[in-house]
**Q** 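Starting off with a structure, shown below.
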Amino acid sequence: MGVPPEPVAEFVAALREARTTFDTCRERVAAATVHDDAFGKLFEAHAVHEAYHQRLPEMARDFAAAGEVVDHFVAGLEGGHAIGQVTVPAQSNGASS
């Protein structure tokens, strides 16, 4: 038993909005630069600067990967893969009866 089509369509619309946000973030991070003197006389300023230069491209790739996951999920939903009700098994609370 799946979820009625209207909530699924709303969920897909929200996912597409998230995808757009991921793209915007990826573009902004990819365009970001850290100036050579950004950390001034901070102890190990050069190492911090290099870490930023390494991490910014990694973040851009992370946003791109997140967008690909969203695309895959949307394709599945639009391809008719149903969303069923989720049930969580009862968990013991440790109390004895």
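Here, residue 1 is the first one in the sequence, and each next residue gets the next number.
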**Q** I'd like a table of donor-acceptor pairs (distance under 3.5 Å, sequence neighbours excluded) in which one partner is a side-chain atom from residues 59-75, with atom names and distances.
**A**
residue, atom, partner, partner atom, Å
D62, OD2, R55, NH2, 3.3
D71, OD1, R19, NE, 2.9
D71, OD2, R19, NE, 3.1
D71, OD2, R19, NH2, 2.7

**Q** Output the distance between atom OG1 (T33) and atom CG (L56), rounded to the nearest 0.5 Å.
**A** 8.5 Å
**Q** Are R16 and E78 close enough for a salt bridge, meaning some N to O gap below 4.0 Å?
**A** yes
**Q** Are there more than 12 heavy atoms of other residues, nucleotides or ligands under 6.0 Å from atom CD of E17?
**A** no
**Q** Just verifying a value: how many Å separate L42 CG and D37 CG, rounded to the nearest 0.5 Å?
**A** 12.5 Å
**Q** Go through it in stages, so that I can follow the logic: the residues are Q54 and E58, the test is side chain to side chain donor-acceptor pair (under 3.5 Å), and I'd like the CA-CA distance, side-chain angles, deciding distance and then a yes or no.
**A** CA-CA 7 Å; Q54 177 185 351; E58 291 172 2; 3.3 Å; yes
**Q** Going by the rule side chain to side chain contact (heavy atoms under 4.5 Å, CB included), which residues pair with Y52 if we only count those two or more places apart in sequence or in a different chain?
**A** V34, F39, V48
